[in-house]
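As structure tokens, the structure follows; a few thoughts come after it.
Below, chains carry the letters A, B, ... as their sequence lines are ordered, and counting in each starts from 1.
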Amino acid sequence: MIFGIILLALIVLSVMILVSIYNNLVSLRNRVKNSWSQIDVQLKRRHDLIPNLVEIVKGYAKHENDTFVKVTEARAKAMSAGNGSVKEIGAAESELSGSLAKMLLTVESYPELKANQNFLALQEELSSTENRIAFSRQAYNDDTMMYNNKTEMFPSNIVAGMLNFVKADFFVIEDKAEKVAPKISFN
Amino acid sequence: MWELIEQNRRKSKIVFFAMFIVLEALSISIGLSVYYPDGGYWGALAGFALWIIQSMVAYYFGDAIVLHVSQATKVTKESYPVLFNVVEEMKIASSQSYMPEVYVINDEAMNAFATGIRPEKSAICVTVGLLESLNRDELQGVVAHEMSHIINRDVLFMTFAGVMLGSINMIAKGFLYSTMSGNSSRRSRLGSKSAGGAPIFMIISLILAVIAPLLAQIFYFSISRKREYLADATAVRLTRYPEGLASALEKISGTASNLVMYNRITAPMFIINPISLNDESSLFSNSTHPPTHKRIAILRQLQNGGKVSFRDYQKVYTKENGSYKFLPDSALADKGEVPVREAMVATVLGPVTAKPNIRNMTDMIMAASGFLFLPCTCGLKIKVPPTIGKQQVQCPRCGKFLTVPSVTSGINHTGEKTKPVEGVDSSYKRANPDSWESCLCTCGHSIQLSPIFRGRQVVCKKCHAKIQIDYP
């Protein structure tokens, strides 16, 4: 009689534990999905800021044409890669970061441009967007790490294996700007 | 990180009920010492009512009260874009869904605090002095620290702990005061039905009334200090740059005591307690915060070590303070490596010509009389008189034509103090009130100010923004 009660209690306890592990995994996976969409939001924000920036810089630096062309192209590529895999998006966005960095380097030789209030406000927004992309990527990687930990560590890996919780990929944007040397031209 | 939240929620509930029990014990005992046995019920009821009322006031109105006492004004993204962006960056880094409100205190002393029982209704507040003196990395460190308090539900926890402390203090002091004025002895003689019933409770009450506040105080300060270290650990995990917070703390500890609008209750909520800056963390000191130099030392060691996970923070903390494990095991189990990042290259939001490199006396005089220093691409610094009237100048060395930027400032040249007063969108300081000056509105439209104009405010014709005019 008592044995039966103890057995029942153990079963109920294990079910409760399993349920809580499952809920934990679900909530972590949802966090990963959520922080991934955050990255998307910030990347789109950058896409939206770029045309304005290019217009203002063009107003002052009329003959830096191929820099603008590269930026606009890279932007178009990044926007179309938006539906692809994590790796594809990472590659396209790295290229965009690189061409943007080159364009901002050319700004250094135009002091009137650097004094323009609208340009400075836009530059602050752009720099903040770069930070946000970095932080949203960081948050995504943090959440991914927590989720992957749970799917790999005992005892939650049992539940994860049984109920099809797969590991998530980490998101990497390489700083291509460092690998590109700026072109120096003498007027 | 959410394990810390769970732990805080659990601890808050425990504190909540522990407080209830202590409060009831104290009030029942006092009630019984006054009028046995019915006094016990009255005491229990009174204690309960006090507890409920104080908790509700703290929960629903605590934020508004603190913000009001500190004379903080709410600001928008337009007036303080950098601050807003920094807060939003931290919101993203911590995977939060809700953006806190941003407040600014118009005080030159550097300090900051956060309120918010729950993240949906939270606020971060910084002083003007902080915004002017910190660079972006440092500001980010401070904002991250404050957000960590909100995320870890420290505000929730410390509010209830504070209410508990307050209630116990109130009842104990009230009881001791009434015993000392001699009223209760009369009542107890009248009320006691059985000899020796009331006096025992009187003694118990006296002991409790003295001990409970003391214990509660010690308890409150020790958990407050632990919470500060925890917020530091969470903050650097968010920013990945401990040096930012470290140098910010260094700068703040110099001036935090000059803060004007605070009192004994709001003081512990700031990032550095403005009351006791130099207190060592002893049992009986008035210090709710750990000593600043310890916090800075830990942060700098983390920076040198190159890793900022919770496990690394615990390691360095143990080295500094002895083995007091204050982070929960679940946070320490984090398997991954968390590396430090590079320092940020800050954008300066303000006219680049504001701080010219003044090399000699002539330059100084020219700068003072409103000359513009225009750097040409050939390297020559062209000094343009303010009365030039032309839109273009030719560089005397290389012959290149440069446009003269209109004497701009939608933003005051000393930095980000764009909105010192509510109701004004930006401010402009006249360099030469006796000549024509043009001031650029943030929408791009330029406004001409005549030599005889002495008004304090102009309204932009295009976007109707209000611009405050200051005179030297």
message: For a 4.5 angstrom cut-off between non-hydrogen side-chain atoms, does Asp143(A) reach Ser95(B)?
response: yes
Query raised in the report: Is there a side-chain contact between Phe135(A) and Lys91(B), using heavy atoms and a 4.5 Å cut-off?
Result: no
(Q) Other residues, nucleotides and ligands only: do more than 12 of their heavy atoms fall within 6.0 Å of CE on Met16(A)? (A) no
Find out whether Asn131(A) and Arg136(B) are in side-chain contact, i.e. whether some heavy atom of one side chain is under 4.5 Å from a heavy atom of the other. yes
inquiry  = For the OH atom on Tyr22(A), are there more than 12 heavy atoms of other groups (residues, nucleotides or ligands in this structure) within a distance under 6.0 Å?
reply    = no
Heavy-atom nearest pair, Arg240(B) first then Asp142(A), reads NH2-OD1, 3.1 Å
message = So for atom NZ, which belongs to Lys77(B), do other residues, nucleotides or ligands contribute more than 12 heavy atoms lying within a distance under 6.0 Å?
response = yes
dist Gln38(A):CD -> Ile92(B):CD1 (nearest 0.5 Å) comes out at 5.0 Å
Minimal heavy-atom distance between Met145(A) and Arg237(B), with the atoms involved, is CE-NH2, 3.8 Å
Does the pair Arg132(A) and Asn85(B) meet the rule for a side chain to side chain contact (heavy atoms under 4.5 Å, CB included), with working shown? CA-CA 9 Å; Arg132(A) 286 180 205 205; Asn85(B) 282 337; 2.8 Å; yes
